[in-house]
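Here's the structure we're looking at; comments come further down.
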Amino acid sequence: MRLSQLFTKTSKTIPADETARNAQLLIQAGFIYKVMAGVYAYAPLGLRVVENIKQIVREEMNTINGQELVMTNLQPREPWETTGRWDDKAVDVWFKTRLKDGGELGLAWSHEEAVIEMMKQYLSSYKDLPVSVYQFQTKLRNELRAKSGIMRGREFVMKDMYSLSTDVTQHDDYYDSVIEAYKKVYERLGIGKDTYVTFAAGGAFTKFSHEFQTVCEAGEDVIYLHRGKNIAINEEVLDEESLSQLGVKREELESVKSSEVGNIFNFGTDKSKKMNFSFTNEAGEKQFVHLGSYGLGITRVMGVIAEKFADEKGLVWPEAVAPAKVYLARLGSSPEVVKQADELYQRLTAAQVAVIYDDRDTRAGEKFADADLLGIPYRVVISDKTAMNDSYELKGRQADTPHQSTIDDLLKTLGITD
RNA sequence: CGGGGAGUGGCGCAGUUUGGUAGCGCGCGCGGUUUGGGACCGCGAGGUCGCAGGUUCAAAUCCUGUCUCCCCGACCA
């Protein structure tokens with residue numbers, strides 16, 4: 001990507017109407033554009049981050065046999081009525097609208113009922129199970145109050161997965177595999193060591209559900225950590241019963257602010273019964289499907305990463321999600337410099353390394369400031385000096401000083417092996 | 001939804017108390033000098049002050065209503 005052609009621009013000032021660090025930085029750097037409260041558009045650089053996160057999630061969901069599909073944003077009323085969740089008193093985040101002929105529709109805030117409705121058409125035998133389906137979907141929630149930039153919006157991207165199992169054992173096995181898959185996801189996203197599987201309010205079938213909480217000052221939740229035992233408890237279920245059940249003492253726990261980046265639920269057969277979603281077992285008997293629901297907030301994770309890693313100069317993306325691996329800053333426009341920079345750009349691009357090529361006719365300071373603000377992991381500078389010596393100046397985003405390297409060292413550092 | 005704060009060129013702000021028809025920085029365009037951490041000089045374009053009413057000779061400024069944004073709280077299945 002040539003920066004001279006990118007339509008977004010960075011700004012020297014942070015937007016006045018945002019206080020959330022993630023929103024300030026992402027807007028200032030041109031990753032996102034605010035449309036209204038809690039609703040943000042994703043510009044090219046922001047979209048790259050979103051897609052990188054999605055790809056990591058996709059790979060891990062595929063590993064545990066998740067089958068990707070896409071549900072719809074327009075949802076009919078009936079399935080939600082059967083579970084009692086159409087009523088605004090039961091679900092207060094509904095956006096609702098009407099068809100021209102008067103039929104009432106809901107805009108998708110979740111897809112549990114929708115998925116069941118769909119899967120009923122395909123699954124009818126124990127031989128069809130287990131099945132796990134997932135999607136990346138834009139969720140629409142009429143939150144009373146949006147806040148915290150992209151961490152709590154009215155429109156946001158979420159990966160939601162649903163498992164359909166024959167019985168408790170089959171369900172539990174899958175549920176456990178999702179926990180492991182989620183751990184891998186957060187690990188790959190660079191927030192693994194700060195993300196805790198957290199015991200939270202469970203619902204009708206289990207004492208607890210599991211949340212994935214990332215320690216983050218900007219988060220909305222408070223969790224209690226037992227670092228020694230690697231146990232975390234959401235304050236909403238912190239009572240004597242829970243403590244004794246988990247075998248920890250209150251005074252051993254450390255309270256920290258966190259953001260819920262994932263949540264997994266066991267619905268048992270509750271919804272299946274209400275929606276009459278059954279299959280035939282080996283004995284020819286009608287059984288209800290066990291449902292599990294597994295959410296992972298894609299755009300929220302992006303906000304959390306932006307918050308956690310930023311420094312005073314701007315964003316600092318972990319390599320796995322960065323919009324590019326290399327920020328190639330070309331200083332000056334002498335033929336030698338242009339030649340060296342163009343060649344490196346082509347070489348890296350050919351090697352599948354994402355590069356932001358700053359070929360703009362601007363001064364060095366501006367390029368360096370933008371490289372930092374955009375948070376690209378590696379900065380390579382091409383100048384008269386490097387062109388003359390056939391060297392390459394390389395600096396990590398958070399390194400203090402750059403160093404000169406040969407083309408071989410450079411490619412090696414960037415993980416390119418010919 | 002309760003409480004608090006704020007809406008003035010693309011962005012960040014001043015001006016509002018003490019009404020007299022709009023200013024600064026950045027950005028943008030042109031010319032020139034510069035060129036390794038957001039350069040400098042000159043010239044120039046760009047807003048009628050969220051919106052709607054009202055008071056007044058006169059409203060960014062006063063009054064009423066309304067919309068929007070931010071923060072705290074409540075809510076988050």
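Keep in mind that this is a model prediction, so the values were computed, not measured. Naming: A, B, ... by sequence-line order, numbering from 1 per chain. Worth knowing before you read on, the calculation uses all heavy atoms, side chains too, and leaves out hydrogens, waters and symmetry mates.
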Look at the side-chain N and O atoms of Lys9(A) and state whether any lies under 4.0 Å from the OP1 or OP2 oxygen of G10(B). no
Are Lys274(A) and Asp270(A) within salt-bridge range, i.e. N to O under 4.0 Å? yes
Check Arg141(A) with Glu155(A), please: is the shortest side-chain N to carboxylate O separation under 4.0 Å? no
Can you tell me the pairing partner of U35(B) across any strand shown, Watson-Crick or G-U wobble, with both distances under 3.5 angstrom? none
Sugar-phosphate atoms are those with a prime plus P, OP1 and OP2; base atoms are the rest. Using that split, label each nucleotide of nucleotides 70-77 of chain B B, S or - for protein heavy atoms under 4.0 Å, 5' to 3'. SBBBBBBB
For G73(B), give the paired nucleotide (Watson-Crick: N1-N3 plus N6-O4 or O6-N4; G-U: N1-O2 and O6-N3; both under 3.5 Å), or none. C1(B)
Counting Watson-Crick and G-U wobble pairs only, both distances under 3.5 Å, name the nucleotide matched with G44(B), or none. C28(B)
Which residues within residues 358-377 of chain A lie with some heavy atom under 4.0 Å of an atom in RNA chain B? Arg363(A), Ala364(A), Gly365(A), Glu366(A), Phe368(A), Ala369(A), Asp370(A), Asp372(A)
Does the pair Lys183(A)/Glu180(A) count as a salt bridge with the N-to-O cut at 4.0 Å? yes
SB check Lys339(A) Glu336(A) (cutoff 4.0 Å): no
Could you tell me whether Asp160(A) and Lys139(A) make a salt bridge, using a distance below 4.0 angstrom between a side-chain N and a carboxylate O? yes
Looking at Arg188(A) and Glu60(A), is any side-chain nitrogen of the basic one under 4.0 Å from a carboxylate oxygen of the acidic one? yes
Output the rounded distance in Å from CD1 (Ile27(A)) to C1' (G10(B)). 14 Å
Going by an N to O cut-off under 4.0 Å, is there a salt bridge joining Lys313(A) and Asp311(A)? no
Please classify the nucleic acid contact of Arg379(A) as base, sugar-phosphate, or nothing, using heavy-atom distances under 4.0 Å. base
